[in-house]
Peer 1: 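The structure's right below; bear with me while I get my questions together.
On a predicted model such as this, the values are computed, not experimentally measured, just so you know. Throughout, a chain's letter reflects where its sequence line sits, starting with A, and its residues are numbered from 1.
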There are 2 protein chains.
Amino acid sequence: MSSNGPAEPRRTLTLRDVSEASGVSEMTVSRVLRNRGDVSDSTRERVLEAAKRLGYVPNKIAGALASQRVNLVAVIIPSLSNLVFPEVLSGISEELEESGLQPVFGVTNYSAEREEAVLYEMLSWRPTGVIIAGLEHSDAARAMLQNAGIPIVEIMDVDGTPVDSVVGISHKRAGLEMARAIIGAGYRRIGFLGTKMPHDHRARKRLEGFEAGLAEAGIELADSEFYSGGSALLKGREMTEAILKRSPDLDFLYYSNDMIGAGGLLYCLDKGIDVPGKLGLAGFNGVDLLDGLPRKLATMDACRREIGRRAAQIISGHSDAGLIGGEHVELTPVLEPGDTIRQG
Amino acid sequence: MSSNGPAEPRRTLTLRDVSEASGVSEMTVSRVLRNRGDVSDSTRERVLEAAKRLGYVPNKIAGALASQRVNLVAVIIPSLSNLVFPEVLSGISEELEESGLQPVFGVTNYSAEREEAVLYEMLSWRPTGVIIAGLEHSDAARAMLQNAGIPIVEIMDVDGTPVDSVVGISHKRAGLEMARAIIGAGYRRIGFLGTKMPHDHRARKRLEGFEAGLAEAGIELADSEFYSGGSALLKGREMTEAILKRSPDLDFLYYSNDMIGAGGLLYCLDKGIDVPGKLGLAGFNGVDLLDGLPRKLATMDACRREIGRRAAQIISGHSDAGLIGGEHVELTPVLEPGDTIRQG
DNA sequence: CTGAAAGCGCTAACAA
DNA sequence: TTGTTAGCGCTTTCAG
């Protein structure tokens, strides 16, 4: 053994360590490490060399406290298993990368209570901005957002009153337009299949818009079926079987998402049901999974990646300007009729 | 308008504000807000009331700097669009929730350079621990992990040398056992279909193990096909068509993930190919999507959620004890033969 | 049970 | 181009 004294508890390195190792003041070290102000090349090199040799990692906590600046963007979403949100996150990541901001994710599991807790936790890190899914929040959560004094972007949905900025689509309109397209194609006995989640406001709004669209033609929903949990593809199968057994005269099934829609499509193909002749099908989201199915399910793209991108742009734009925004971006989902709606 | 002076720039609230509003010292306010030490009920109530009324949100940056304690766990993964990682994240979230720790996610896009940058960024927030996918890191990244002085858990893979703790499965073994099962079922002309990503080390290890397993029986891979990007389900279809056109005599296809495997399965069913009689199929991961397919694809569960959970447990365990671990947890994936491998 | 003093590691502002 | 001086808002420690 070499002459190690009594186990020196290893401190984590500070600016001072780099300062001593390089013979330059802490302030100058700090400047070099942040590419700030003019520093002579020789000094810069010495500092960089020392920092690297020691393995110094700056302490952003101290930095943030001193400078009152944090390069974090809080991103709050209901779920990761939904497939929808990972895409939004990718859009956000992509866009923020360029601006030097860092997304920090929090998950609420569709619970308002949990959302409040996550939001509180994240705001206490004083992020540069907040991106949060949906327009429905508890009063306390809304108050926190309002008082945070930073740009807030509510995403996914524009049907409601945002706290600050909003980027999304109108799910009511999405439902409405789907109903019109279905009726335009001549279908009349229409069923709805969707999730039971009491807090999935967007699915609820799509259904509301859909029923409004049917009402325009004097039609009511003929039957419906709800689920929660489990493999969505399998649920789609099972629900389709159930609803067709109960209401064999249905001529269209509208699914609240593409996964259960895909399950329904596979079921119909299995059973040799004539799609779209005798039975039409449509989903929602535009997940690229659909491209690989034997037949292409009708759907409506929810513009997920684009939503993420635009939201991130709003934050990074304001983080430069220091302003709070109130931007309102409504994206327009386009009906992709695929092969499961009769063509006029 | 009321007598608003010249636009008071709204400061964010501090402990001092709550202290003044409640007539209690900052120190006592701090105690109440952290449920620390003995505080009389009446004082506690006054403080809580004032904090709530003002809408005070504590500043964790200052708190962390003063206490040298951060309740953040850095989680670094290659991708969010993979479906695999969201499940791991769910496992982590679930487990950390109980311990008061907060996961913070970073995404590397399978790039070692990006991983280094993300890691540096996250370590600069002095997290309580790090959970990072894979055992392959740049020298610099490995050095940072080693010097961080906090628990590090490398996940997904155990084939290699961890920096500290590791939780995962052996992908080599997974490939090996799949090969044995396939050969045991009597297949001999075997093709491999997978991703081309040069940095997906785990897919590579599975292939290596697979080839080793074939070699035991004196067999070589008859053909292979690689892809990158796009809808995995669709790619699975296309690749399957391509490889079967090129090598019509193949009697088994091993896919590097379930999504492309599912695409292949759908293709075979479309074409009326006798599965598993004339052609066997297998994937990898055990995604629950498979439950909804017309036939169940053979696969091997990668224990994703469990991996997340165990990794989180290691971090929260050590965050209490303040120790650094070196735990080694190897989970065992189980072959799920489904309907696409001939049964003896 | 409550308060006062000191300082966490860094950066803004100013001085040299 | 470089250094010095004060804090950032909180918690630790110790004293009442």
Peer 1: So does B:R46 pair up with B:E49, basic N to acidic O under 4.0 Å?
Peer 2: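 Result for this pair is no, no salt bridge flagged.
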Peer 1: Within the structure shown, what part of the strands sits under 4.0 Å from B:N59 by heavy-atom distance: base, sugar-phosphate, or nothing?
Peer 2: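 Counting heavy atoms under 4.0 Å across all strands, the contact made by B:N59 is with sugar-phosphate only.
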Peer 1: Scan A:R34 against the nucleic acid and name what it touches under 4.0 Å (heavy atoms): base, sugar-phosphate only, or nothing.
Peer 2: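 Counting heavy atoms under 4.0 Å across all strands, the contact made by A:R34 is with sugar-phosphate only.
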Peer 1: Hey, which of these two, B:V39 or A:L15, hits DNA chain C nearer its 5' end, going by closest nucleotide?
Peer 2: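 Of the two residues, B:V39 wins.
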Peer 1: Under a 4.0 Å threshold between the charged nitrogen and the carboxylate oxygen, would A:K60 count as salt-bridged to B:E121?
Peer 2: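 A salt bridge links B:E121 with A:K60.
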Peer 1: Verify the contact: side-chain N or O of A:Q68 to OP1 or OP2 of D:dG9, cut-off strictly under 4.0 Å; return yes or no.
Peer 2: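 Answer is yes, contact under 4.0 Å.
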Peer 1: Look at B:S67 and D:dT11 and indicate whether a side-chain polar atom (N or O) is within less than 4.0 Å of OP1 or OP2.
Peer 2: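 It does not, given that no N or O in the side chain of B:S67 lies less than 4.0 Å from OP1 or OP2 of D:dT11.
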Peer 1: Which residues, if any, of residues 40-51 of chain A bring a heavy atom under 4.0 Å of DNA chain D?
Peer 2: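 By residue number: A:S40, A:T43.
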Peer 1: Between D:dG9 and B:Y56, is there an OP1 or OP2 to side-chain N/O distance shorter than 4.0 Å?
Peer 2: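 No, outside the criterion.
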Peer 1: Under 4.0 Å from any heavy atom of chain B: name the first and the last nucleotide of DNA chain C that qualifies, 5' to 3'.
Peer 2: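 The contacted stretch runs from C:dC1 to C:dG9.
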Peer 1: Strictly by modelled atom types, are B:S90 and B:S93 linked by a side-chain donor-acceptor pair under 3.5 Å?
Peer 2: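 Per modelled atom types, B:S90 and B:S93 side chains form no pair under 3.5 Å.
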Peer 1: Is it the case that the side chain of B:E154 and the backbone of B:I131 share a donor-acceptor pair, with hydrogens and angles ignored and the cut-off at 3.5 Å?
Peer 2: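 It does not hold such a pair.
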Peer 1: Can you check the B:R126 CZ to D:dT11 C1' distance for me, whole Å?
Peer 2: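 In whole Å, D:dT11 C1' lies 18 Å from B:R126 CZ.
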Peer 1: Less than 4.0 angstrom from a charged side-chain N to a carboxylate O is my criterion; do A:E97 and B:R114 meet it?
Peer 2: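 Looking at A:E97 and B:R114, the cut-off is met.
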Peer 1: Please report the distance, rounded to the nearest Å, between CG in A:L65 and P in D:dA6.
Peer 2: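 Checked: the CG to P distance equals 18 Å.
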Peer 1: By the 4.0 Å heavy-atom rule, please label B:R31 as base, sugar-phosphate, or nothing.
Peer 2: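 B:R31: base contact, heavy atoms under 4.0 Å.
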Peer 1: Could you report the tightest heavy-atom contact between B:A311 and B:V153, atom names first, then the distance?
Peer 2: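 Of all heavy-atom pairs spanning B:A311 and B:V153, the closest is CB-CG1, 3.8 Å.
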